[in-house]
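Note sheet for the following structure.
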Amino acid sequence: MRWLAPAVSERRQYSTHPPNARLNLPIDYSATPLLSHSSQTALATADLPAEVKNGTTKRMNLFQAINDALSTALTEDEDVIIFGEDVSFGGVFRCTMKLAEQFGGDRVFNTPLTEQGIMGFAIGAAAEGMRPVAEIQFADYVYPAFDQLVNEAAKYRYRDGSCGRSVGGLTVRMPCGGVGHGALYHSQSPEALFTHIPGLRVVMPRSPLQAKGLLLAAIRSNDPVIFMEPKILYRAAVEQVPTAAYTLPLSKAEILKEGKDVTVISYGQPLYTCDSAIQSVEKDLGISVELIDLRTLYPWDKETVFKSVQKTGRVLVVHEAMVNAGIGAEVAAAIQEDPETFIRLEAPVQRVAGFSIHTPLLFEKFNVPDVARVYDSIKKVLDY
Amino acid sequence: MKAGLARGAPLRSAAGAVRHRPSPPTTPISARHPVRCSSSISQRQGASHLSFPGAVKSAFTSSLKFALAAESPSLPTYRVVDQDGKIVDQSFKADLSDEEIIKLYKNMLLISIMDVIMFDAQRQGRLSFYMVSAGEEALSIGSASVLEKEDVVFCQYREQGVFKQRGFELSDFMNQLFANKKDPGKGRNMPVHYGSKELNIHTISSPLATQIPHASGAAYALKMQRINDPSLPPRVVVVYFGEGAASEGDFHAALNIAATRSCPVIFICRNNGYAISTPTLEQYRGDGIASRGIGYGIDTIRVDGNDIWAVREATKKAREMALQDGGKPILIEAMSYRVSHHSTSDDSFAYRARVEVEDWKRRDNPISRLRKYMEAKGLWDEGKEKEARDNTRRDVLKAFSEAEKEKKPPIRAMFEDIWEELTPDLKAQMKQLREHLDKYPDEYDLGDFEGGKNSLDP
């Protein structure tokens, strides 16, 4: 079953909060410091090229920023082609709106309903020099394409050896994550299944500005990239985005907020949850917490993470996907494995993540890490 | 590459190849399957064709001619009554009593009225999601009406008519839609993901086409079980899917494996013209889905899905054929038109003209077709129509408000049924959640859930 975006943000049945809640309040995206509410903050973003910093910005939500990046890519490189299910009319989340009209049906088109077909087709086109951007309508539906991604895309360069071919032009976009009522098949965050596969780069942006730069970097990258878009942010996250074309570095984390007592590592939508929890805990305990956005989940930026943990000695990793064998497991293992970092640890590395279950319709709010759970974990890691 | 390696022993089952299993005690299965041995390739004197192992009936020709897809004729569409409800198949005799015909009609009416009410309820925020099946009532109710209770059914997600016809009550629909404590899915699934063990309908899964190979495997199970125990009744599996889903690899795998293992399965494709926004022209370029059945060696028919009589006749015959010769698959392509939006999350006027939909509604509608047929027979009139509609509406609203009032399933349900038993890990996570809810009582609203946080106790 596939459904369209408006329901995601406009009608949320299960988002009401209890009357006396202090922590688990809805995220106020219009006030969060994680989004650039003004041109100045947008243009001051780390890693932006100088000429972009002198340019203009425009208010966009996440789907508009994706659309902007795709439009830029189509304009600057005639080898870029964009396709997937329902892409022609704009896509079920509106990310490809007007692109078919503007760039023609030969470059932006609907495919039949077959994820394995879409992926195989994209790999073939990339192997012959194109820069395909394939859309999988929901991350929950990527599994028929798994063989193509794991056995073909990831291994193409390796097996071709000095013949020199690769499918580096390939970018695969897919919406992921919970929205409150997606249940088993419209909520999944399968990033850890891809971060197990050498040869694939896995990226998840947190905001419109980040998404534009990271997606353009993904399309220009000569490695195949899995680009996962937290679908709850498509409409909810709105910020000023530079109008010029720009890329943000892949495999580089970003420190969103400096702190000295605890490091919180996350990516995608839960960053907003973490930020709310950090605001409360800093106020309540008078401590300071460092917040890191991994941005690229594989190969990930160990240096930034290790440096931060060496400073704070206390760390938690937060993600929405199941805790077992997730990103948190890999990050925690890497932290304890690094002698310089291990010796500085003051407490065991904590993971705040989904339980080891499928996403149940009614119980999503108990499963996805919320502000209270992150808040509690920060206190626990301090109390150890 | 794979094929080359497979010539000796298949790479993937190299270990399996040397394993020996005892023969089954009953009739050898091979007797029930046409066997084609590669060693039988031989060119007989004066033969017009060589028996290539891959195409045993292909004659030689000296004219270089491609089979042109565009020149092959379209399969006809079988129908019994026309748009005005008039019988066009003169050999047709209704096999139902007047009461039974009225019952079918009322079931169609119920589905369409429930659809309108639930669609609006979703719009008002009373439930999170809904999908209507407007225009496909004859297809689902007609086909289900000729199946046996013991037959096994797999659905896609637009087959509420199948559920109703097999005995789903309004309360069953509503309990699932509101995910209350009486929902057998325990509040885990999105609305419209119904399932019923009692009615032999497997629970709906959102991913498209995954259920089609399940049907082939289930049919093989039924076939084997009857071989092992001939006292069992003959049973078929029926699987429904859309023409969009038929583009998935699973569709092709399902038909091919069902054909090679001679499985008693009826594949029913609901070709309604759209897969969300994608029209059939961008979905495939052959003669519908039906032409693929023939390609897989499967007996196939195309029917007018708006004609409940045609759907019934075709499915009845298909069931008979599927049970012949030890079992075989059948493909039915039922043509209709998705009058509705894809779901409550879709606005189809973003990709198709309103007038196209209005034209279809005016031109043909499965419910009004049966109504016209009944009116011509003197079984139905305006008064009965009004009474039936009023009663149905009242029944739906009653079931609606009863289900909406029920408590939600216990929170514990989120951890159960992952595995047969709770693992130590899951028990620890349940305990962790329980302690967290104790520690932060103001942050959670637990009132709706049966048993509150106590359901998380070991």
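Excluded from the calculations below are hydrogen atoms, water molecules and symmetry mates; all remaining heavy atoms, backbone and side chain alike, are included. The chains referred to below are lettered A, B, ... by the order of the sequence lines, with proteins before strands, and numbering in each begins at 1.
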For this session: Name the option with the most non-hydrogen atom pairs under 4.5 Å to chain B; the candidates are A:Pro112, A:Ala183, A:Pro144.
Result: A:Pro112
Exercise. If you count heavy-atom pairs under 4.5 Å with chain B, which of A:Pro19, A:Gly117, A:Pro360 comes out on top?
Worked result: A:Pro360
Nearest 0.5 Å, please: how far is [atom2] in [Y] from [atom1] in [X]?
X        : Y        : atom1 : atom2 : value
A:Asn20  : B:Asp445 : CG    : CG    : 10.5 Å
B:Phe129 : A:Leu361 : CZ    : CG    : 11.0 Å
A:Leu362 : B:Met190 : CG    : CE    : 12.5 Å
A:Glu115 : B:Asp250 : CD    : CG    : 9.5 Å
A:Tyr185 : B:Thr210 : OH    : OG1   : 7.0 Å
A:His181 : B:Leu127 : NE2   : CG    : 11.0 Å

Chain A heavy atoms under 4.5 Å from [X]: which part of the residue, side chain, backbone, both or neither?
X        : answer
B:Tyr440 : side chain
B:Ala246 : neither
B:Tyr284 : neither
B:Leu281 : neither
B:Pro441 : neither

If you count heavy atoms of other groups shown closer than 6.0 angstrom to [atom1] of [X], is the number above 12?
X        : atom1 : value
B:Arg354 : CZ    : no
A:Lys155 : NZ    : yes
B:Leu446 : CG    : yes
B:Lys407 : NZ    : yes
B:Phe349 : CZ    : yes

For this session: Could you pull out all residues at least two apart from A:Leu184 that satisfy side-chain contact (heavy atoms from CB on, under 4.5 Å)?
Result: A:His358, B:Arg188, B:Asn189
Exercise. In chain order, what residues pass the side-chain contact (heavy atoms from CB on, under 4.5 Å) check against A:Glu135, with sequence neighbours excluded?
Worked result: A:Val87, A:Thr96, A:Arg173
Report yes if some heavy atom in the side chain of [X] is under 4.5 Å from a heavy atom in the side chain of [Y]; otherwise report no.
X        : Y        : value
B:Met414 : A:Asn367 : yes
A:His186 : B:Ser206 : yes
A:Leu113 : B:Thr278 : no

Problem set entry | Distance flag, aromatic centroids of B:Phe415 and A:Phe363, threshold under 6.0 Å | no
Exercise. Is any side-chain N of the basic residue among B:Lys439 and A:Asp376 closer than 4.0 Å to the acidic one's carboxylate O?
Worked result: yes
Problem set entry | Residue A:Val371 versus chain B: region with a heavy atom under 4.5 Å | neither
For this session: Pick one of side chain, backbone, both or neither for A:Asp370, based on which atoms fall under 4.5 Å of a heavy atom in chain B.
Result: side chain
For this session: Measure across A:Gln116 and B:Gly249 and return the closest heavy-atom pair with its distance rounded to 0.1 Å.
Result: OE1-CA, 3.2 Å
For this session: Could you name each residue pair satisfying side chain to side chain donor-acceptor pair (under 3.5 Å) that touches residues 102-112 of chain A, not counting sequence neighbours?
Result: A:Ser88-A:Asn110, A:Asn110-B:Glu282
Problem set entry | Those residues of residues 422-434 of chain B, ordered by number, that approach chain A below 4.5 Å (heavy atom to heavy atom) | B:Leu426, B:Gln429, B:Gln432, B:Leu433
